[in-house]
**Student:** 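Structure provided below as structure tokens; questions to follow.
Worth saying up front: this structure is predicted, and the values here are computed from it rather than measured. To find a chain, count down the sequence lines: A is the first, B the second, and so on, and within it residues start at 1. Just the heavy atoms: all of them, side chains too, but no hydrogens, waters or symmetry mates, feed the values below.
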Amino acid sequence: MMERRNTFGKEEHLCGKTAIDELYNTGDRFFIYPFRILYKRVPKESVPVRCLINAPKRKFKHAVDRNRLKRLMREAYRKNKHALFEMMEKEEATMQVAITYNGDTIESQAFVEKRMRKVLEQIIQGKDGTNPGQRRQGAERS
RNA sequence: AGAGUAGGAGGGUUUGUCGCUGGCGGCAACGUCAGAGGAAAGUCCGGGCAACAAAGGGCGCCGCGCUUCCUAACAGAAAGUCGUCCGUGAGGGUGAACUAUCGCAGAAGAGAAUGACCGCCCGCCUUGUGCGGGUAAGGGUGAGAAGGUGGGGUAAGAGCCCACCAGUCCCCUGGUGACAGUGGGAGCUGUGCGAGUCGCGGGUUGUAAGAUCGAAUAUACCGACGCAUGUAGGGCUGCCCGUCCGAUGUCGGGGGGUAGAUUGCUUGAGGCUUAUGGUGACAUAAGUCCUAGAUUAAUGACAAACGCCCGUCCGCGGGUACAGAACUCGGCUUAUACGCCUACUCUCUUU
RNA sequence: GGUGAGAUGGGUGAGUGGCUGAAACCACCAGUUUGCUAAACUGACGUACGGGUUACCGUACCGGGGGUUCGAAUCCCCCUCUCACCG
């Protein structure tokens, strides 16, 4: 397999009001501090994964802080996304993901990146079907 | 030297790796150029621009209100005037059209504007906690009490008269003007707020305005085919005849228009330099420059070095603000580590 | 991005510049009633600082800071926070 570049261009951003509403209403969700994650499988599109990254105004009042958080998260995502990409290319489908920063303080780049790796692993495991029963129970509880 | 006042300009630089948005070139891979602020913020004012509304004028409503001046405009800026408060001072805060007419001023107080409670003076008698009248100098109340002080005058008093002082009005002088003056004249003189009057300005809503294109699904309307003796059903009628319309299906056309896309969208009352005019805000002329344009929303992450500031055991350690464009300009307000420049003030020391 | 509304005791919430520290309702506390409770009735009831032996008295506080006024919860300016509307 050829060497991959750690890009995160506009094609890979999730946008459009209807798509986002659909994801927030019907997607599966879980929490890994400091993130809240929603994800959903849809029929194949031009890219294997489309992602939305978000920081809430309720918790961070200043636009500077929100911008910084989103940049940290984008950086962590683009460096660690390849495992998920390979999986979705094999499955011939597209994954929509939304990641919201849910912490109360701004964490360091190293910490955010470590946690982002864990998030992506969790998504891959959940979709692999190795332990779907456990995951479904969790979804029903919430 | 220390403390301070006013104004002004800044508020990092370089390298490497991995990325983001836009322009240009390229079939593509990719290359190359550009990429946050003085407040981008609050949304407190004023414009441009756009849509809608609208004959013209008056009244009403809202905003502004010392003077001159600047500006596209403003509740902004510049230069001044007068009052008041703060500061030893350099300075700073705050206020200001007019008052003919009308209203209000709680509690306290006799009285808040046709003023008499105590007091003072006069008169009368029934001689006393009496009645009538005069009086705003004194007492007390209040934020404010019929301009203030002194003298004359008087029964006691009072701008009743005079001198000085404060204000108002008229004249003179100076100033474009607000206004000023050891100027001349007139006894003209309560305070605050509001209504009112005068002058100037204001149509409403905001780029999520608005314009163009436009899937999928449903479908107004039109045509063809199919069904049908033009059917079910409906209109004209009390009923029948007659006559007119005609659902449901398939295909095609088609308008409005949703998701979405494009546009509005960055060259503008633009910046910089010089000259001229002006105390100044600013204006005029010449030259020169093009400098973000996203839309679930780019301008970043990591590492290293250099600056700058603070501390220092001279090895080094710590700090490097406030804050992120969203149609766009002119202001105001608020936040801001840190030093820098100019003018000025006060205190101390030395000469 | 734009437009608008609001903040008053523990909660809800009135309040024309003047006897409003502040109405009213709920909660809390005490009492009456009851075998015990509930309901009902009666009363009391903010916080801080200072003074006083107790009873109590004084001053300040209506989101925060300035201003206007003799006097501000109320009028004006600035800041903080909360909520709503516009595709």
**Student:** Would you say that more than 12 heavy atoms from the other residues, nucleotides or ligands in this model lie under 6.0 Å from the NZ of A/Lys114, or not?
**Tutor:**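 Counting neighbours around NZ of A/Lys114, 12 or fewer heavy atoms of other residues, nucleotides or ligands fall under 6.0 Å, so no.
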**Student:** Mind checking who C/G4 pairs with, Watson-Crick or G-U wobble, both distances under 3.5 Å?
**Tutor:** C/C83
**Student:** Side chains of A/Glu12 and A/Tyr77: any donor to acceptor distance under 3.5 Å?
**Tutor:** no
**Student:** Between A/Arg68 and B/A323, is there a side-chain N or O to OP1/OP2 distance below 4.0 Å?
**Tutor:** no
**Student:** May I have the distance from A/Lys70 (atom NZ) to B/A294 (atom C1'), rounded to whole angstrom?
**Tutor:** 12 Å
**Student:** So, is B/U248 syn or anti if syn means the angle is within 90° of 0?
**Tutor:**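 Chi for B/U248 falls in the anti range.
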**Student:** In whole angstroms, how far is the C1' atom of B/C302 from the NZ atom of A/Lys79?
**Tutor:**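 Result: 6 Å.
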**Student:** Can a donor-acceptor pair be found, under 3.5 Å and without considering hydrogens, that links the side chain of A/Arg66 to the backbone of A/Phe60?
**Tutor:** yes
**Student:** Is the shortest side-chain N/O distance from A/Lys61 to OP1 or OP2 of C/C81 below 4.0 Å?
**Tutor:** yes
**Student:** Quick one: is B/G324 close enough that its OP1 or OP2 comes under 4.0 Å of any side-chain N or O from A/Arg71?
**Tutor:**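 Answer no for this pair, as no side-chain N or O of A/Arg71 is under 4.0 Å from OP1 or OP2.
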**Student:** Between B/G111 and B/G190, how far is it from one C1' atom to the other, in whole Å?
**Tutor:** 14 Å
**Student:** When you compare the side chain of A/Asp28 with that of A/Leu38, does any pair of heavy atoms fall below 4.5 Å?
**Tutor:** no
**Student:** Rounded to the nearest Å, what distance is computed from the CZ atom of residue A/Arg78 to the P atom of nucleotide B/C302?
**Tutor:** 12 Å
**Student:** Using purine N1 to pyrimidine N3 plus N6-O4 or O6-N4 for Watson-Crick, or N1-O2 and O6-N3 for G-U wobble, both under 3.5 Å, which nucleotide pairs with B/A1?
**Tutor:** B/U347
**Student:** If pairing requires Watson-Crick or G-U wobble contacts with both distances under 3.5 Å, which nucleotide is the partner of B/A232?
**Tutor:** none
**Student:** Could you please name the partner base of C/A60, counting Watson-Crick and G-U wobble pairs only when both distances are under 3.5 Å?
**Tutor:**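 Pairing partner: C/U47.
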**Student:** Does A/Lys10 place a side-chain N or O at less than 4.0 Å from the phosphate oxygens OP1/OP2 of B/U295?
**Tutor:** yes
**Student:** Does the side chain of A/Pro43 reach to within under 4.5 Å of the side chain of A/Thr94, using non-hydrogen atoms?
**Tutor:**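 No, every pair of side-chain atoms sits at 4.5 Å or beyond.
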**Student:** What is the distance from CZ of A/Phe8 to C1' of B/U296, rounded to the nearest Å?
**Tutor:**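 Roughly 11 Å, once rounded to whole Å.
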**Student:** Evaluate the side-chain proximity of A/Glu11 to A/Arg50: yes if any heavy-atom separation is below 4.5 Å, no if none is.
**Tutor:**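 Sidechains of A/Glu11 and A/Arg50: no contact.
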**Student:** Between A/Glu113 and A/Leu52, name the one whose nearest nucleotide on RNA chain B is closer to the 5' end.
**Tutor:**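 The 5'-side residue here is A/Leu52.
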**Student:** Rounded to the Å, how far apart are A/Lys57 NZ and B/G324 C1'?
**Tutor:** 13 Å
**Student:** Please classify B/G159 as syn or anti, treating any glycosidic angle within 90° of 0 as syn.
**Tutor:**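 Base orientation relative to the sugar is syn.
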**Student:** Could you tell me how far B/A97 sits from B/G93 if I compare only their C1' atoms? Round to whole Å.
**Tutor:**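 Straight-line distance between the two C1' atoms is 23 Å.
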**Student:** Name the closest nucleotide to the A/Thr7 side chain, picking from B/U296, B/G19, B/G300.
**Tutor:**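 The answer is B/G19.
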**Student:** When the P atoms of C/U74 and C/U8 are considered, how many whole Å apart are they?
**Tutor:**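 Result for the P pair: 14 Å, nearest Å.
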**Student:** If I take atom CG in residue A/Asn80 and atom P in nucleotide B/G19, what distance separates them, rounded to the nearest angstrom?
**Tutor:**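 Atom-to-atom, A/Asn80 to B/G19, this comes out as 13 Å.
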**Student:** Can you check B/U191 for me, syn or anti if syn means within 90° of 0?
**Tutor:** anti
**Student:** Which nucleotide, in any strand shown, forms a Watson-Crick or G-U wobble pair with B/G106, with both distances under 3.5 Å?
**Tutor:** none
**Student:** Counting heavy atoms from C-beta on, name the nucleotide in B/A325, B/U296, B/C18 closest to the side chain of A/Ile20.
**Tutor:**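 The answer is B/U296.
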**Student:** Strictly below 4.0 Å: does A/Arg74 bring a side-chain N or O up to OP1 or OP2 of B/U299?
**Tutor:** yes
**Student:** Using the C1' atom in both, what is the distance from C/C36 to C/C45, to the nearest Å?
**Tutor:**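 Nearest-Å result for C/C36 against C/C45 at atom C1': 27 Å.
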**Student:** Strictly distance-based, threshold 3.5 Å: is any side-chain N or O of A/Arg78 a donor or acceptor partner for the main-chain N or O of A/Asn6?
**Tutor:**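 Side chain of A/Arg78 to backbone of A/Asn6, a donor-acceptor pair under 3.5 Å: yes, one is there.
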**Student:** Using atom CZ of A/Phe60 as one end and atom P of B/A323 as the other, report the distance to the nearest whole Å.
**Tutor:** 15 Å
**Student:** Have a look at B/G138 and give me syn or anti from its glycosidic angle (syn if within 90° of zero).
**Tutor:** anti
**Student:** Which base, if any, makes a Watson-Crick or G-U wobble pair with B/U176, both distances under 3.5 Å?
**Tutor:** none
**Student:** Using atom C1' in both nucleotides, what's the gap between B/C227 and B/U250 to the nearest angstrom?
**Tutor:**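 Nearest-Å result for B/C227 against B/U250 at atom C1': 12 Å.
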**Student:** In whole Å, measure the gap between the C1' atoms of B/A297 and B/C322 for me.
**Tutor:**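 Taking atom C1' in both B/A297 and B/C322, they lie 24 Å apart.
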**Student:** Using atom C1' of each nucleotide, how far apart are B/A195 and B/A39 to the nearest Å?
**Tutor:** 44 Å
**Student:** Counting only distance, no hydrogens or angles, is the base of B/G19 paired donor-acceptor with the side chain of A/Glu75 under 3.5 Å?
**Tutor:**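 No.
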**Student:** Using atom P in both nucleotides, what's the gap between B/A77 and C/G63 to the nearest angstrom?
**Tutor:**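 The same atom, P, in both gives a distance of 32 Å.
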**Student:** Check whether any side-chain heavy atom of A/Gln122 sits under 4.5 Å from a side-chain heavy atom of A/Ile32, and report yes or no.
**Tutor:** yes
**Student:** If the glycosidic angle is within 90 degrees of 0 it's syn, otherwise anti, so just tell me which one B/A283 is.
**Tutor:** anti
**Student:** Using Watson-Crick or G-U wobble geometry with both distances under 3.5 Å, which nucleotide pairs with B/A285?
**Tutor:**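 B/U274 is the nucleotide pairing with B/A285.
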**Student:** Quick one: A/His13 NE2 to B/G260 C1', roughly how many Å, whole number?
**Tutor:** 19 Å
**Student:** For B/U32, which nucleotide in any strand shown is its Watson-Crick or wobble partner with both distances under 3.5 Å?
**Tutor:**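 When the pairing criteria are applied, B/G23 turns out to be the nucleotide that pairs with B/U32.
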